[in-house]
Trainee: 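Input: one structure, supplied below.
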Amino acid sequence: MLILITMKNKKKLGVSKIATIGIVIVILIVAIAAGILLSTHHPTTTTTTTTTTTSTTPMTTLAPPNTSVLIDDSQTAPPDALDPATGFYVQDGPLFTALFQELVEFNGSNYHQIVPVIAQNYTTSNYENYTFFIRQGIYFPDGVQVNASTVWFSLYRTILMGQGPGVANYIGLLFNSTVYAQTGYAIPWGVNNAIQSATGLPTSNNYNLTAHILASILSNFNANNATIQKIMEYPYQAVVVKGPYEVQINVLAPYKFFLYDIAAWWGAIVNPVYVDEHGGVQPNTPNSYLDENGMNGTGPYVVVKVTSGFSTIVLEKNPHYWAQNMPNVPSVAEPAHIPVIEINYGLSHEERVENFLTNKAQISYVSIPYLYQILNQSPYNSLPLNATLRNFGSEPGVLYISMNMMKFPTNITDFRLAIEYAINYQQLLGVFSYQGKDLAIEYVGPISPQFPGYYNPDNLSEYTYNPALAIKYLNEAGYQGDFYVVLPNGTVIGNPNGQELPTIDIYSLAPVNLLEQKELAIITQDLQQIGISVSTKFVLPSVTDSWTTPTSTPVMVDLGWFPDWPDPVFQQLMPLTDVQFGGISGNLAWVNSSTLQTMYETLPFVTNTTEQEQMVAQAYNIIYHEAPYVWLPVPNTYYFVQPYVQGFVYDPFVGYFYNMMYYSSSST
């Protein structure tokens with residue numbers, strides 16, 4: 001998906017392409033990682049400076065200066081859009097989570113568990129047909145009621161608009177990738193036949209006509225119109241209205257992770273009346289009004305202020321929130337406790353530190369090298385570390401150096417293994433250390449440890465720093481590739497009659513932050529110790545758009561990949577190692593294994609967990625021995641939160657939940 005990576009200490013690029021069996025579809029989603037300079041997915045960036053903050057008046061008591069307001073300064077870049085069908089950056093998450101709701105949502109921080117929200121309950125017997133029963137009594141702020149037709153409208157709108165959230169997350173599931181590749185339109189599967197059945201118009205094999213008729217229906221939506229009702233009730237399509245409060249979603253193949261897919265904001269249920277009053281729906285086109293001004297959903301907050309450039313967005317507690325007196329509502333949908341939320345985006349490092357130290361801001365963020373600027377100040381230096389620094393550990397995903405398997409010299413397996421053993425991983429991990437504690441973890445990708453059973457099923461060992469073994473592999477690679485290198489002591493490694501290995505460029509995104517500079521410096525020095533000369537090149541995200549073939553993709557790239565929803569196969573394993581995702585679509589190493597390709601035709605749609613994990617183990621062994629990536633440490637996600645703020649719950653796929661936060665007294 002097009003996401004803004006929340007690994008706040010790494011500036012990385014994430015893109016996502018989803019494909020059905022045997023189809024090559026490139027969904028390019030460019031995202032820059034949020035951090036002291038900015039995030040994931042184009043975006044405005046801010047750079048953290050190394051200056052210290054000005055002195056502040058020490059506080060002896062910590063309490064909210066205004067119990068009706070919470071100020072959040074933690075987002076280092078503004079949203080890319082205020083419409084959940086368009087916005088696709090990580091920093092969009094907390095805002096969209098406050099305003100919009102989905103049929104089902106993640107159970108707070110537990111993204112392995114789904115709870116019904118707009119839906120009262122749901123059922124599936126085959127992971128292919130999902131039936132949802134809508135809660136009665138849910139209203140948008142203007143009084144429009146949510147029902148089954150609202151769900152049909154919302155999902156079809158998101159898909160037809162053809163923006164990152166809809167395309168990246170529903171292709172191969174709710175619309176056919178072959179049709180998309182051939183026509184350029186994201187058409188919910190079966191709706192062409194539904195329109196022809198209800199109207200007699202020749203849409204069955206005419207996707208251009210289907211796209212524009214569907215856009216007209218959505219732009220003039222009237223759920224009471226008999227023809228529209230007949231279209232929505234047609235049984236063989238992606239979303240079927242089966243009754244006033246009953247809707248069925250049908251995926252193209254059995255897929256057991258589908259509920260996790262629709263739990264994020266591309267599954268948001270939106271107001272058809274408001275959309276149609278403000279520009280309607282056009283194929284492959286964002287709604288500029290809604291992107292710039294936003295709209296209110298069914299969530300616990302409503303938007304009351306949006307400043308130019310999205311520098312500040314103010315939310316107020318929804319006075320007519322449907323869940324105010326509703327029983328059996330999950331905690332993620334509970335009514336808001338704090339009446340006003342002010343989100344300040346893209347503040348400078350100095351402003352973020354100063355506002356937190358003076359108790360003006362309740363939530364903030366600074367990068368690891370500057371944690372002391374807050375934690376060493378009174379009163380925070382007298383409090384337990386976790387009272388202020390809320391550390392949520394590493395997120396699902398990987399950071400890496402890719403090694404292009406179709407380009408010299410990284411097309412030589414022994415050369416890639418030489419690089420794996422040449423790098424001092426403990427020294428890399430130390431970059432993310434604060435007071436002796438590593439705020440990062442390292443592991444064997446492409447799946448992250450948050451998915452037990454899928455992560456490294458055979459317990460393959462992490463590559464370790466072993467310069468002697470690295471030189472051994474490099475020597476063998478030199479004879480295979482007819483090249484040599486010269487060690488710092490003058491020893492020639494490889495084929496002395498070949499060509500001297502030229503300098504290799506490692507590409508990364510500009511601007512670079514301090515932590516990444518340190519990592520690249522360590523890697524450069526380590527490779528020089530085995531005779532490999534490397535240089536770093538920093539490029540803008542626009543440059544990466546051309547990385548769509550093996551020859552156009554650099555030999556080595558320093559980036560990262562983070563999933564849109566918690567599926568370790570379709571969202572982690574395959575994007576990084578399926579050649580159909582070659583290049584900037586995910587697989588920057590251009591892994592191309594016939595065994596893997598055959599396996600990937602069915603692997604994401606295997607519904608038996610044991611069988612799927614066994615297949616993942618086979619894939620892991622192949623990838624491990626091919627060594628296409630150097631897996632880098634993944635930093636923890638953390639925020640500075642005033643100790644009197646309770647209920648700060650974080651979820652890596654949707655952010656945090658303003659409605660769950662409340663104030664309690666805290667003193668030093």
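Being a predicted model, the structure only gives us computed values, none of them experimental.
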Trainee: Nearest 0.5 Å, please: how far is OG in Ser394 from CD in Glu442?
Mentor: 11.5 Å
Trainee: For Val444, is there any backbone N or O sitting under 3.5 Å from a side-chain donor or acceptor partner on Tyr455?
Mentor: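 Yes, the answer is positive, given that a donor and an acceptor are paired below the 3.5 Å cut-off.
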Trainee: Would you say the side chains of Asn386 and Asn391 form a donor-acceptor pair under 3.5 Å?
Mentor: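 No, because no side-chain N or O of Asn386 sits under 3.5 Å from a partner of the opposite role on Asn391.
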Trainee: In Å, rounded to the nearest 0.5 Å, how long is the span from CG of Leu174 to CD1 of Ile262?
Mentor: 8.5 Å
Trainee: What verdict does the side chain to side chain contact (heavy atoms under 4.5 Å, CB included) test give for Ile493 and Ile530, after you've listed the backbone C-alpha separation in whole Å, the side-chain angles of each residue and the deciding distance to 0.1 Å?
Mentor: CA-CA 9 Å; Ile493 299 298; Ile530 64 167; over 6 Å; no
Trainee: Looking at Tyr255 versus Phe570, is the centre-to-centre ring distance below 6.0 Å?
Mentor: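 Tyr255 vs Phe570: aromatic centres under 6.0 Å.
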Trainee: Treating Asn456 as the side-chain partner and Leu460 as the backbone partner, does any N or O pair qualify as donor plus acceptor under 3.5 Å?
Mentor: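 Yes.
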Trainee: Okay, side chain of Trp631, backbone of Ile401: is any donor-acceptor separation there less than 3.5 Å?
Mentor: no
Trainee: Would a line drawn from the ring center of Tyr365 to the ring center of Tyr638 be shorter than 6.0 Å?
Mentor: yes
Trainee: Compute the centroid of each ring, for Phe653 and then for Phe106, and state whether the two points are separated by less than 6.0 Å.
Mentor: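 Yes, close enough.
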Trainee: Indicate whether any N or O donor in one side chain lies under 3.5 Å from an N or O acceptor in the other, for Ser533 and Gln528.
Mentor: no
Trainee: Nearest 0.5 Å, what's the CD-CD1 distance between Gln480 and Ile412?
Mentor: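 Answer for the CD-CD1 pair, Gln480 versus Ile412, is 6.0 Å.
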Trainee: Report yes if the side chains of Leu371 and Leu439 come closer than 4.5 Å at any heavy-atom pair, otherwise no.
Mentor: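 The answer is yes, as the side chains (C-beta and beyond) meet within the 4.5 Å cut-off.
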Trainee: Does either side chain, that of Gln517 or that of Thr536, offer a donor lying less than 3.5 Å from an acceptor on the other one?
Mentor: no
Trainee: Rounded at 0.5 Å granularity, tell me how far CZ in Phe605 sits from NZ in Lys256.
Mentor: 13.0 Å
Trainee: On a heavy-atom basis, which atom in Val630 and which in Ile423 lie closest, and how many Å separate them?
Mentor: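 Closest pair (atom of Val630, atom of Ile423, distance): CG1-CD1, 3.7 Å.
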Trainee: Whether the side chain of Lys407 engages the backbone of Thr551 through a donor-acceptor N/O pair (distance < 3.5 Å, no angle test) should be reported.
Mentor: yes
Trainee: Is a donor from one side chain sitting under 3.5 angstrom from an acceptor on the other, for Glu395 and Gln450?
Mentor: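 Their side chains do not contain a donor-acceptor pair, so the 3.5 Å distance test is not met.
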Trainee: Do other residues, nucleotides or ligands put more than 12 heavy atoms under 6.0 Å from Tyr127 OH?
Mentor: no
Trainee: Using modelled atom types and a 3.5 Å cut-off, is there a donor and acceptor pairing between side-chain atoms of Thr637 and backbone atoms of Phe392?
Mentor: no
Trainee: Would you confirm whether Gln612, through its side chain, and Thr607, through its main-chain N or O, come within 3.5 Å as a donor-acceptor pair?
Mentor: no
Trainee: Between Pro652 and Pro396, is any pair of side-chain heavy atoms under 4.5 Å apart?
Mentor: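 Pro652 vs Pro396: side chains touch.
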Trainee: Kindly indicate whether the side chain of Val398, heavy atoms from C-beta on, has any atom under 4.5 Å from the side chain of Tyr443.
Mentor: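 Counting from C-beta outward, Val398 and Tyr443 do come under 4.5 Å.
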Trainee: Of the non-hydrogen atoms in Pro633 and Pro635, which two are nearest, and what is the gap between them?
Mentor: O-CD, 3.6 Å
Trainee: For a 4.5 angstrom cut-off between non-hydrogen side-chain atoms, does Met403 reach Val555?
Mentor: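 Sidechains of Val555 and Met403: no contact.
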Trainee: Shortest non-hydrogen contact from Val543 to Ser546?
Mentor: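 For Val543 versus Ser546, the nearest heavy atoms are O-OG, 3.0 Å.
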Trainee: Does the gap between the ring centers of Tyr624 and Tyr463 come in under 6.0 Å?
Mentor: yes
Trainee: Specify the closest pair of heavy atoms between Gly586 and Tyr400, including all atoms of both residues, with the distance to one decimal.
Mentor: O-OH, 4.1 Å
Trainee: Report yes if some heavy atom in the side chain of Leu632 is under 4.5 Å from a heavy atom in the side chain of Asp558; otherwise report no.
Mentor: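 Leu632 vs Asp558: side chains touch.
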Trainee: Working to the nearest 0.5 angstrom, can you tell me the gap between Met615 CE and Tyr620 OH?
Mentor: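 Reported to 0.5 Å precision, the distance equals 16.0 Å.
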Trainee: Checking side-chain polar atoms at under 3.5 Å, does Asn466 have a donor or acceptor matched by the opposite partner on Thr464?
Mentor: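 No, because no side-chain N or O of Asn466 sits under 3.5 Å from a partner of the opposite role on Thr464.
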Trainee: Short question: side chain of Asn587, backbone of Asp578 - any donor-acceptor pair under 3.5 Å?
Mentor: yes
Trainee: If every non-hydrogen atom of Asp438 is compared with every non-hydrogen atom of Asn636, which pair is closest and at what distance?
Mentor: O-ND2, 4.4 Å
Trainee: Counting only N and O atoms by type, is there a donor-acceptor contact under 3.5 Å from the side chain of Trp265 to the main-chain atoms of Gly87?
Mentor: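 The answer is yes, because a donor-acceptor pair under 3.5 Å joins these two groups.
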Trainee: Decide, yes or no, whether a salt bridge links Arg416 with Glu420 under the criterion of side-chain N to carboxylate O below 4.0 Å.
Mentor: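 Result for this pair is no, no salt bridge flagged.
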Trainee: With side chain to side chain contact (heavy atoms under 4.5 Å, CB included) as the criterion, how do Ser448 and Gln572 come out once you've worked through the C-alpha distance, each side chain's angles and the decisive distance to 0.1 Å?
Mentor: CA-CA 8 Å; Ser448 48; Gln572 289 196 314; 3.0 Å; yes
Trainee: Please find the pair of heavy atoms, one from Tyr454 and one from Thr609, that lie closest to each other, and give the distance.
Mentor: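 Taking Tyr454 first and Thr609 second, the nearest heavy atoms are OH-CG2, 3.7 Å.
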Trainee: Can Glu516 and Ser508 be counted as having a side-chain donor-acceptor contact under 3.5 angstrom?
Mentor: yes
Trainee: Do Tyr656 and Ser74 pair up side chain to side chain, a donor and an acceptor below 3.5 Å, judged on atom types alone?
Mentor: yes
Trainee: Is there a side chain to side chain contact (heavy atoms under 4.5 Å, CB included) between Leu474 and Asp414? Walk through the geometry before answering.
Mentor: CA-CA 6 Å; Leu474 186 59; Asp414 284 337; over 6 Å; no
Trainee: To the nearest 0.5 Å, what is the distance between CD1 on Ile471 and CG on Asn475?
Mentor: 9.5 Å
Trainee: So, does Thr553 use its side chain to make a donor-acceptor pair with the main chain of Leu588 at under 3.5 Å?
Mentor: no
Trainee: Would you say Asn176's side chain and Gly172's backbone share a donor-acceptor pair under 3.5 angstrom?
Mentor: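 It does not hold such a pair.
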Trainee: Is there a donor-acceptor contact under 3.5 Å linking the side chains of Gln499 and Asp482?
Mentor: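 Result is no, nothing qualifies.
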Trainee: Using the ring centroid of each side chain, check whether Tyr170 and Phe175 are separated by less than 6.0 Å.
Mentor: no
